[in-house]
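What follows is one structure encoded as structure tokens, with my remarks underneath.
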Amino acid sequence: MLRKLNSYFWLIFLPAHLLLLWSLYKIEFTVLNIFLILFFWTLTSGYGIGVAFHRLLSHKSFKTWYPIEVFISYLGCLAIQGSPIFWVNIHRGYHHPHSDGEKDLHSPVKGKWWAYFIWSITIDYRSIKFDFVNDLLRKKAQRVLHYMYFFVVWLTWIAAYFISPAILFALVIAQIITLHQEFCVNLFCHSGKGYRNFDLPDRSVNRYFFGLLFWGVGYHNNHHARPNSYSFAYAENEFDPTVLLVKSVKKPS
Ligand SMILES: [Zn+2]
Ligand SMILES: [Zn+2]
């Protein structure tokens with residue numbers, strides 16, 4: 001097992017969880033620190049994954065200005081789920097076209113713990129074809145974020161610590177919440193247990209509170225049915241909070 005653990009495990013996943021233990025030990029849950037955690041969670045989970053990696057880069061569901069694209073791509077790196085090129089490649093090339101099939105890298109049909117996190121720490125990068133991100137590979141900033149990914153995350157951790165340890169603690173707590181939230185989506189929103197607005201061949205389901213709390217991605221069956229829509233809400237009672245974030249950075253169409 002140890003030999004199967006990849007560089008992401010040793011350089012990001014393990015240190016982040018160790019930093020979490022340190023953060024939980026040291027942080028005081030004052031109003032300011034709770035605000036900081038929510039602020040960083042909005043940046044990493046909302047803007048980084050929800051807006052940048054998922055709706056903008058993976059599905060091109062809206063347009064924005066290039067400097068904003070680069071900045072929110074950097075925020076996505078801070079969600080500690082890999083570089084934009086890695087995330088988008090897996091999502092576009094393996095998850096959507098092969099949902100819950102053999103080539104889907106994180107489907108719960110391969111096992112609950114596999115879908116939850118084991119896939120991410122054991123995946124052999126040499127087995128992945130980076131054939132689905134040619135648009136991103138042409139952009140210098142995206143190549144930098146990809147090849148310097150570990151450096152970018154570590155430099156941010158170190159800078160945060162030197163600005164104020166409380167900032168590092170709040171950032172790490174937000175990062176771990178963001179990471180496990182994404183793992184929950186892989187597991188619970190492809191479990192077949194939830195409600196469906198669309199009859200699809202995969203096992204994607206909507207989970208109302210995951211939709212509300214996890215920046216819309218819990219309306220997962222809606223998203224698989226309409227991947228190019230930046231709103232993952234569909235039914236009248238569904239609300240996708242990421243739509244508000246998209247509107248804050250979207251070019252008028
Ligand atoms: Zn899915
Ligand atoms: Zn998607």
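Worth knowing before you read on, the calculation uses all heavy atoms, side chains too, and leaves out hydrogens, waters and symmetry mates. Since this is a predicted model, take the numbers as computed values, not measurements. Counting convention: from 1, in listed order, for ligands and their atoms alike.
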| task | Answer yes if the side chains of D100 and S107 hold a donor-acceptor pair under 3.5 Å, and no otherwise. | result | yes
| said: Ring-plane angle category for F71 and Y74, please: parallel below 30°, perpendicular beyond 60°, tilted otherwise. | reply: tilted
Donor-acceptor contacts under 3.5 Å from residues 229-236 side chains, at least two apart:
unit_1 : atom_1 : unit_2 : atom_2 : d
S229   : OG     : S231   : N      : 3.2
S229   : OG     : S231   : O      : 2.9
S231   : OG     : A233   : N      : 3.3

| Atoms of the protein (N/O/S only) found under 2.8 Å from the Zn ion (ligand 1) | H95 NE2, H190 NE2, H220 NE2, H224 NE2
| query | Once the angle between the rings of H95 and H220 is folded into 0 to 90°, is it parallel (under 30°), tilted (30 to 60°) or perpendicular (over 60°)? | reply | tilted
Which pairs would a plain distance check flag for residues 34-43, meaning a side-chain donor or acceptor within less than 3.5 Å of a matching protein atom at least two apart in sequence or in another chain?
unit_1 : atom_1 : unit_2 : atom_2 : d
W41    : NE1    : Q181   : OE1    : 2.9
T42    : OG1    : L38    : O      : 2.8

| query | Considering residues at least two apart in sequence or located in another chain, which fulfil the side-chain hydrogen bond (donor to acceptor under 3.5 Å, both in side chains) criterion with S58? | reply | none
| said: Restricting to N, O or S atoms, which atom of H54 is closest to the Zn ion (ligand 2)? | reply: NE2
| note | Atom name of the N, O or S atom of H59 nearest to the Zn ion (ligand 2) is NE2
| message | Between D135 and R92 (salt bridge meaning N to carboxylate O under 4.0 Å), is one present in this structure? | response | yes
